[in-house]
There are 2 protein chains.
Amino acid sequence: MYAYVSFMEHDIFKALADPTRRAIFEKLAAAGMNASALREGMAISQPAMSQHLAVLRTARLVREERQGRFVNYEVDPDGLALIAQWLAKYRAYWPARIDALKDLLRDMDQ
Amino acid sequence: MYAYVSFMEHDIFKALADPTRRAIFEKLAAAGMNASALREGMAISQPAMSQHLAVLRTARLVREERQGRFVNYEVDPDGLALIAQWLAKYRAYWPARIDALKDLLRDMDQ
DNA sequence: GAGTCAGATAAGTGTATGCTTATGTTTCTT
DNA sequence: AAGAAACATAAGCATACACTTATCTGACTC
């Protein structure tokens with residue numbers, strides 16, 4: 001069981017280590033869209049985008065939904081949940097004062 | 001200001017993309033210790049450890065405290081805070097409760 | 001002061017990674 | 001049925017990265 005988590009954890013951090021993929025993820029967080037729409041204003045080739053999306057998919061940071069010949073992408077909460085889980089392990093070290101962090105903590109505490 | 005955050009963000013995800021560095025960080029989260037103590041049971045050369053610690057330091061995931069000829073390392077809350085901040089941006093996508101996390105883990109267990 | 005110990009840095013090397021061009025696959029249009 | 005559009009995949013290449021061995025720096029001991 002934890003082996004799976006470790007693999008996923010590795011995939012996630014690997015995926016987020018690339019600035020282009022973080023930008024793609026951020027764009028998808030604002031609104032789900034297909035790969036072509038994602039490319040707009042991003043100076044990235046079609047194969048490169050496809051490869052990045054594959055990495056994000058493997059990390060469960062993003063999920064696809066086929067719609068005819070389009071593939072709509074959106075944020076997959078599972079990946080974010082795993083990051084939250086990883087972060088929660090080190091909760092003892094978070095600075096207590098930052099308001100945003102308090103919100104974070106409260107939400108994860110439920 | 002936000003430029004600094006972006007740089008730091010990149011350093012952090014790059015740093016955590018390596019499994020050895022995640023292991024080092026995890027060990028330090030359990031207890032602060034010097035570089036030699038960190039190496040114990042880790043099958044890693046002295047220069048490699050030193051290089052990994054430099055990366056973690058740059059990412060502000062870890063901080064050093066010289067003590068004579070020893071250098072004691074410990075978790076730096078600043079790095080964790082930046083991850084929490086990053087994660088907070090996507091709070092809208094988190095599974096509503098921890099139960100969802102448990103479901104995820106169970107699913108991954110198959 | 002000489003030797004030793006903890007750790008950092010330098011330089012070189014094999015592999016991983018992100019890109020490119022080319023091509024494949026599926027769906028839609030006409 | 002033929003072409004085009006939306007993606008995915010394959011193969012090749014240049015760079016980044018994590019490791020190695022060798023050397024350097026600074027602090028402690030004798």
Atom-pair distance ([atom1] on [X]; [atom2] on [N]), nearest Å:
X	N	atom1	atom2	value
B/Arg69	D/dC28	CZ	C1'	4 Å
B/Phe13	C/dG18	CZ	P	15 Å
A/Leu56	D/dA8	CG	P	12 Å
A/Leu16	C/dG18	CG	P	12 Å
B/Asn72	D/dA27	CG	C1'	16 Å
B/Glu64	D/dT25	CD	P	18 Å
A/Asp11	C/dT17	CG	P	10 Å

Q: Examine B/Ile44 and B/Val71 and state if one hydrophobic cluster contains both, with Ile, Leu, Val, Met, Phe, Trp and Tyr joined whenever side-chain heavy atoms are less than 4.5 Å apart.
A: yes
Q) Same cluster or not: are A/Leu61 and A/Leu87 linked, directly or through other Ile, Leu, Val, Met, Phe, Trp or Tyr residues, by side-chain heavy atoms under 4.5 angstrom apart? A) yes
Q.
By the 4.0 Å heavy-atom rule, please label B/Arg21 as base, sugar-phosphate, or nothing.
A. sugar-phosphate
Q: Determine: side-chain N/O of A/Tyr73 to OP1/OP2 of D/dA6, distance under 4.0 Å, yes or no.
A: no
Which heavy-atom pair separates [X] from [Y] by the least distance, and what is that distance?
X	Y	value
B/Arg21	B/Lys14	NH2-O, 3.3 Å
A/Val75	A/Arg63	O-NE, 4.0 Å
A/Leu28	B/Tyr93	O-OH, 3.8 Å

**Q.** Atom pair CZ (B/Arg57) and OG (B/Ser50), whose distance is rounded to the nearest 0.5 Å
**A.** 6.5 Å
Q.
For the NZ atom of B/Lys27 and the CG atom of B/Leu38, what is their distance to the nearest 0.5 Å?
A. 6.0 Å
Q. Closest nucleotide of DNA chain D for A/Lys14 versus for A/Arg66: which of these residues is on the 5' side?
A. A/Arg66
Q) What nucleotide, of C/dC19, C/dA8, C/dT29, holds the atom closest to the side chain of B/Arg57? A) C/dA8
Q: Mind running a 4.0 Å heavy-atom check of residues 33-53 of chain A against DNA chain D and sending the residues that fall below it, in number order?
A: A/Asn34, A/Ala35, A/Ser36, A/Gln46, A/Pro47, A/Ser50, A/Gln51
(Q) Both B/Phe70 and A/Gly68 contact DNA chain C. Which one's nearest nucleotide lies toward the 5' end? (A) B/Phe70
